[in-house]
Amino acid sequence: MIKQVQSKYQLESLRLTKTTKEGILKRMAKISMEELKELVPNIDDKTAIRSIIKKVDNVLNSSVSFDLSDITTESIIKKIGRPVFLIENNLPLLVGNEIDKFKLLLNNAISNFYLSDKIGAVGRIETDNLPGFEWLGTGWLFEEDLLITNRHVAGEFVDKIGKGYTFKRFVGNSVLPRIDFLAEYNNNNAAEFSIEECLYLASRQEHDIAIFRIKTNNDTHHLPINILNGNPQKREDVAVIGYPAFDSRTSLIAEMESIYKNIYDVKRLAIGKIISVHENEGIALHDATTLGGNSGSVVLSLETGKAVALHFAGKEGYGNYCVTSSVLKKAIDRIPRRIYPVEASSLNTSDNMLNFNEIVPRNCKLEPYSKIQVPTFKISGRFITYATPDSTFFVTQKLFESAKESILIGIYDFSAEHMITCIKDAIDRGVKISLMLDIDSSKEQEVFKNLIKYGVECVPAPSCSSKNISYFSSSHEKVIIIDNQWTLIQSGNYSNNSIPYNRGDGTVLGSFKTGNRDMGIAIESRPLAKFFTKILRSDMQLEMSASSKECVSNLSQTSEFLLEAPKKRPSVLFSSKEFNHLHRVSIQPVLSPDNYMIEIPKLIRTAKRSIKIEQQYIRVNQKEVKNLVKAIQDAKSNFDDFTVQIIVASPIGDDKKTYEEVEALRDMGFEVLMLSKSHFVHCHNKLLIIDDETVLISSQNWSDSAVSKNREAGVIVYDKLITEYYSKIFDADWTMSEESVDEILPSRELVNLEAFHTNAGKYVLVDACDVQEV
């Protein structure tokens with residue numbers, strides 16, 4: 001069929017390609033102008049039919065065309081050597097004449113990356129109320145409730161209206177699409193989930209992609225398939241998993257019946273290889289055997305267990321076409337992300353002010369804790385410095401992808417979906433993941449439960465959020481240990497604003513997501529990793545020794561609220577920086593409640609020229625914080641030309657306390673600014689710089705709880721070059737934040753959820769854990 005698309009003649013998917021190329025050309029040569037006008041109403045009478053014939057000829061002979069409507073149909077590429085296996089209980093039935101060639105490959109996939117989970121995430125797209133169709137094609141999950149398939153499959157039951165999508169109606173009834181993740185041979189059971197909404201439907205000039213959200217439930221769980229970052233490799237072994245149907249369009253009827261044994265419409269796994277990769281077009285070719293019904297199938301690497309492409313069409317005897325993983329990632333970035341409901345209880349809509357009541361009461365009775373002696377380390381080798389929003393995700397993803405054996409995480413908040421994906425990627429490679437999490441909301445509890453399903457060793461923190469035992473008010477550390485070699489210490493949680501999904505390293509790749517100001521450091525040292533591993537494992541053991549079935553206290557239904565989004569990105573973006581020091585750098589870990597109030601006042605009093613502080617808040621009237629402030633005053637009093645620069649977070653809601661604290665600090669002779677809300681969501685940093693030569697990177701806010709009752713962690717780094725990295729960022733933040741208190745009034749107000757949806761881009765969703773006093 002020929003259509004006119006944007007005043008150009010394009011060949012749409014040739015669904016009836018049982019006719020050979022020669023037959024198509026003969027038919028086109030005989031077509032009358034009247035018949036042609038019926039197909040293309042606005043065609044010019046002077047247009048020569050031979051130009052249309054030439055178009056067909058070019059299409060059928062082109063190896064790849066960026067116009068995806070120019071491709072033909074699913075095909076048999078090789079008559080032998082490309083078997084298609086039936087699926088039973090989410091595993092391929094390894095039977096047949098050619099199985100010996102592929103048995104080792106498939107068995108390795110089954111054991112190395114849980115092939116059964118990948119097969120279980122692939123389903124058959126079915127419909128009610130769609131005339132002529134019981135099912136349409138294949139789809140697969142790339143997130144727990146997000147489904148990807150082809151545009152030409154979705155186009156059968158989806159209409160685009162304005163900027164949105166709706167399901168088509170026939171004879172007064174809406175089409176009701178669903179996906180069945182079972183539909184196996186000799187199995188009459190089903191695992192059906194309704195398809196709720198279309199999130200993305202590519203145009204005919206774009207790659208053949210559609211994305212849907214499905215309705216999930218708590219009883220049945222399908223692990224999503226992770227998508228490769230990058231492109232597939234030529235000659236890579238792949239499996240195409242989908243639902244081939246009897247295909248009258250092929251000219252190889254006998255071969256089809258021999259390969260499929262006349263069994264169709266059920267889940268199959270087809271072995272093949274990537275023939276070629278055309279990165280510029282975002283297309284690859286594979287030679288696995290497919291038929292109609294395979295549209296939307298996952299092309300799964302049998303080496304990594306990741307989706308490397310989305311199958312959509314083919315050319316008989318030549319190659320099957322698929323959209324590469326890099327293009328899939330770009331399409332996914334365009335869809336609206338899930339917005340968790342913000343309960344009315346978290347907003348005071350009468351005056352739009354935040355209720356700062358704690359999500360979990362943190363004044364619980366604490367068990368006696370014996371402080372430990374914290375050693376100093378002398379470390380040479382590699383250090384990586386990074387900052388949010390500029391480079392934290394880039395560094396984290398890079399180090400996660402380098403992990404070969406284990407990742408151990410102790411963190412206060414975990415809610416960012418892209419970090420869940422990083423963990424699943426590591427699990428697929430056989431990396432053991434362990435997590436200690438301070439769970440203080442139902443949303444976080446759900447993340448915790450899902451990570452357990454993925455195979456993560458998950459332990460609640462022994463804090464006030466635990467129902468079993470409480471040694472700390474909050475387990476507020478942010479420590480990550482990779483392969484017992486790298487230790488990451490940072491101020492930021494795994495929340496969307498403390499580790500925003502920015503793939504560039506201090507550069508803009510696609511869209512740039514603003515976020516909190518946070519900082520971190522990665523240190524390569526087995527002794528340091530061993531020390532922090534011992535701390536985290538010891539805390540985990542405290543919880544496990546007292547564990548019961550119910551491990552967390554009653555949780556709030558929400559942990560989020562809305563703020564007006566920053567209007568600009570930071571005026572300077574800082575890439576991460578790697579240092580490879582031959583000399584030994586002195587590293588002093590600082591833990592709460594163990595040695596923070598010993599080491600930090602002592603460090604402050606060594607200052608001779610300057611002190612720079614970037615903190616969420618400074619509770620000047622609290623006992624322990626008074627000791628920290630007194631140390632600053634003592635250092636300043638020893639020298640005439642001594643500067644103290646302090647950046648704190650801009651107030652949120654009815655926060656008079658921040659203004660009072662800022663004025664109190666200024667009365668002491670300190671320079672104080674509030675971090676620019678035009679460039680950042682929030683100041684979540686806990687930075688201390690002494691004389692531009694020594695730096696503290698840590699999780700401790702300046703509150704009594706943080707320095708004496710919480711579990712917190714940081715490191716003092718005695719190195720001028722490393723310190724210089726953070727000092728430059730501080731100086732940039734200071735310049736961006738040159739506003740008086742009067743100029744930043746009024747304080748940042750909260751808005752209701754409706755405003756979030758009706759004013760796209762104006763507001764940002766904020767995790768309460770990132771801003772509340774801890």
Side-chain angles (χ1 to χ4, degrees), residues 337 339-340 342 346-347 352-354 356 386-394 396 412-419 441 443 478 490-502 504 506 508 511-520 558-574 614-617 647-653 655 658 673-687 699 701 729-730 732-737 739 744 746-753 755-756 759-774:
R337 309 308 293 174
I339 303 301
Y340 291 88
V342 178
S346 70
L347 300 175
N352 285 337
M353 297 301 178
L354 175 64
F356 268 97
Y386 55 93
T388 297
D390 317 53
S391 57
T392 297
F393 179 70
F394 175 86
T396 302
Y412 178 64
D413 182 43
F414 196 142
S415 53
E417 292 184 10
H418 49 282
M419 286 309 304
S441 72
K443 174 185 172 183
K478 302 96 172 55
Q490 58 195 45
S491 63
N493 296 303
Y494 283 169
S495 64
N496 285 321
N497 288 312
S498 277
I499 187 166
Y501 183 52
N502 290 323
V508 179
S511 62
F512 182 85
K513 299 181 185 300
T514 189
N516 299 337
R517 171 59 86 204
D518 275 300
M519 292 179 180
T558 182
S559 59
E560 300 165 319
F561 59 91
L562 304 174
L563 283 177
E564 189 169 351
K567 296 179 178 63
K568 313 171 188 174
R569 66 171 180 248
S571 55
V572 182
L573 294 179
F574 291 86
E614 193 165 45
Q615 264 285 353
Q616 186 171 341
Y617 46 75
I647 299 174
V648 295
S650 177
I652 297 174
D655 181 17
T658 294
L673 295 178
M674 298 180 188
L675 185 69
S676 170
K677 63 185 181 183
S678 297
H679 299 87
F680 300 95
V681 174
H682 188 64
C683 180
H684 192 257
N685 209 4
K686 297 89 173 61
L687 177 74
S699 65
N701 294 309
I729 300 177
F730 177 92
D733 290 354
W734 185 266
T735 300
M736 281 183 276
S737 302
E739 302 169 289
I744 67 169
S747 63
R748 309 176 74 179
E749 291 187 352
L750 283 157
V751 294
N752 59 37
L753 188 60
F756 186 86
N759 295 271
K762 185 175 182 181
Y763 300 103
V764 62
L765 199 63
V766 177
D767 286 273
C769 296
D770 278 352
V771 301
Q772 288 176 317
E773 180 173 341
V774 180

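Given the structure is predicted, the values throughout are model-derived calculations rather than measurements. Keep in mind that the numbers below use all heavy atoms, side chains included, and drop hydrogens, waters and symmetry copies.
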#### Entry: Derivation and outcome, side chain to side chain contact (heavy atoms under 4.5 Å, CB included), residues Asp518 and Lys478
CA-CA 11 Å; Asp518 275 300; Lys478 302 96 172 55; over 6 Å; no
Under 3.5 Å: donor-acceptor pair, side chain of [X], backbone of [Y]:
{"X": "Thr514", "Y": "His679", "result": "yes"}
{"X": "Asn502", "Y": "Pro389", "result": "yes"}
{"X": "Lys567", "Y": "Ala565", "result": "no"}
{"X": "Ser699", "Y": "Ser491", "result": "no"}
{"X": "Ser737", "Y": "Ser676", "result": "yes"}

Can you tell me how far apart [atom1] ([X]) and [atom2] ([Y]) are? Round to the nearest 0.5 Å.
{"X": "Asp413", "Y": "Tyr494", "atom1": "CG", "atom2": "OH", "value": "12.0 Å"}
{"X": "Phe394", "Y": "Ile499", "atom1": "CZ", "atom2": "CD1", "value": "12.5 Å"}
{"X": "Thr392", "Y": "Gln490", "atom1": "OG1", "atom2": "CD", "value": "6.5 Å"}
{"X": "Gln615", "Y": "Ile647", "atom1": "CD", "atom2": "CD1", "value": "11.5 Å"}
{"X": "Gln616", "Y": "His682", "atom1": "CD", "atom2": "NE2", "value": "3.5 Å"}

### Task
Classify the ring geometry between Phe730 and Trp734 as parallel (under 30°), tilted (30 to 60°) or perpendicular (over 60°).
parallel
Can you find a heavy atom in the side chain of [X] that is under 4.5 Å from one in the side chain of [Y]?
{"X": "Thr396", "Y": "Met419", "result": "yes"}
{"X": "Leu675", "Y": "Ser650", "result": "no"}
{"X": "His684", "Y": "Thr388", "result": "no"}

### Query
Where do Ser678 and Pro566 come nearest, in terms of heavy atoms and distance?
O-CB, 3.4 Å
### Task
Kindly indicate, with the supporting measurements, whether the criterion side chain to side chain contact (heavy atoms under 4.5 Å, CB included) is fulfilled by Asp390 and Arg517.
CA-CA 9 Å; Asp390 317 53; Arg517 171 59 86 204; 2.9 Å; yes
### Message
Using the ring pair (Phe, Tyr, Trp, His ring centres under 6.0 Å) criterion, which residues pair with Tyr501? Sequence neighbours excluded.
### Response
Phe393, His418
### Message
Can you list everything that forms a ring pair (Phe, Tyr, Trp, His ring centres under 6.0 Å) with Tyr386? Sequence neighbours excluded, please.
### Response
none
### Task
Apply side chain to side chain contact (heavy atoms under 4.5 Å, CB included) to the pair Tyr617 and Thr658, showing each step before the final yes or no.
CA-CA 7 Å; Tyr617 46 75; Thr658 294; 5.6 Å; no
### Message
Show, in sequence, the C-alpha distance, side-chain angles and deciding distance for Met519 and Glu614, and conclude whether the side chain to side chain contact (heavy atoms under 4.5 Å, CB included) test is met.
### Response
CA-CA 10 Å; Met519 292 179 180; Glu614 193 165 45; 3.9 Å; yes
